[in-house]
**Q** 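Provided herewith is a single structure, encoded as structure tokens, for subsequent inquiry.
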Amino acid sequence: MTYREGAYVVDTRSAKLAQVMARAGDRVYVRPPAGGREWEAPAEALRLVTRDEQAAAGLARRPR
């Protein structure tokens, strides 16, 4: 799956919530939503966060 920059995802290898910062080929660069150290993950190890996970993390969706 392809994730756009800014999308919130979970790295299923560590169960960490992250925000997509960039993509390069099949690698995705993510970091914690509040900032911090960026890491690289294969796209297949990521999944989109659920609404419940997003709300629990205090990441309310912004109206468009």
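Because only heavy atoms are used, hydrogens play no part in the values below, and waters and symmetry mates are left out as well, while side chains stay in.
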**Q** Stepwise, does the side chain to side chain contact (heavy atoms under 4.5 Å, CB included) test hold for Val20 with Val9?
**A** CA-CA 7 Å; Val20 174; Val9 295; 3.9 Å; yes
**Q** How far apart are the closest heavy atoms of Ala18 and Pro33, and which atoms are they?
**A**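 So the two residues come closest at CA-CD, 4.1 Å.
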**Q** Apply side chain to side chain contact (heavy atoms under 4.5 Å, CB included) to residues Leu59 and Val49 and explain how you reach the verdict.
**A** CA-CA 10 Å; Leu59 303 170; Val49 296; over 6 Å; no
**Q** Return the minimal non-hydrogen interatomic distance between Gly36 and Pro32, and the atom names on each side.
**A**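 Answer, listing the atom of Gly36 first, then Pro32: C-CD, 4.2 Å.
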**Q** Judged by atom type as modelled, is there a donor-acceptor pair below 3.5 Å linking the side chain of Tyr3 to the main-chain atoms of Ala22?
**A**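 No, Tyr3 side chain to Ala22 backbone: no donor-acceptor pair under 3.5 Å.
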**Q** Per the side chain to side chain donor-acceptor pair (under 3.5 Å) rule, what does the pair list look like for residues 15-25, sequence neighbours excluded?
**A**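 Qualifying pairs: none.
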**Q** To the nearest 0.5 Å, what is the distance between CG on Leu17 and CD on Gln54?
**A**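 Rounded to the nearest 0.5 Å, the CG-CD separation comes to 8.0 Å.
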**Q** What residues, two or more places apart in sequence or in another chain, satisfy side-chain hydrogen bond (donor to acceptor under 3.5 Å, both in side chains) together with Arg27?
**A**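 side-chain hydrogen bond (donor to acceptor under 3.5 Å, both in side chains) check on Arg27 returns Glu40.
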**Q** Can you name the residues that form a side-chain hydrogen bond (donor to acceptor under 3.5 Å, both in side chains) with Ser14, not counting sequence neighbours?
**A**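 So Ser14 forms no side-chain hydrogen bond (donor to acceptor under 3.5 Å, both in side chains) with any residue.
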**Q** Looking at residues at least two apart in the chain, or sitting in another chain, which of them share a side-chain contact (heavy atoms from CB on, under 4.5 Å) with Arg31?
**A**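 Applying side-chain contact (heavy atoms from CB on, under 4.5 Å) to Arg31 gives Met21, Glu38.
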**Q** If you look at every heavy atom in Glu53 and Leu48, which pair is closest and at what distance?
**A**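 So the two residues come closest at OE1-O, 4.5 Å.
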**Q** If I take atom OG1 from residue Thr2 and atom CG from residue Asp26, how far apart are they, to the nearest 0.5 angstrom?
**A**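 Between atom OG1 of Thr2 and atom CG of Asp26 there are 10.5 Å.
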**Q** With Glu5, which residues qualify under salt bridge (Lys or Arg N to Asp or Glu O under 4.0 Å), at least two apart?
**A**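 Salt bridge (Lys or Arg N to Asp or Glu O under 4.0 Å) list for Glu5, sorted by chain: empty.
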**Q** Go through the structure and list residues passing side-chain contact (heavy atoms from CB on, under 4.5 Å) with Arg13, not counting sequence neighbours.
**A**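 Here the qualifying residues are Asp11, Trp39, Ala41, Pro42, Ala45.
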**Q** If you define the side chain from C-beta out and look only at heavy atoms, does anything of Val28 sit under 4.5 Å from Leu46?
**A**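 Sidechains of Leu46 and Val28: in contact.
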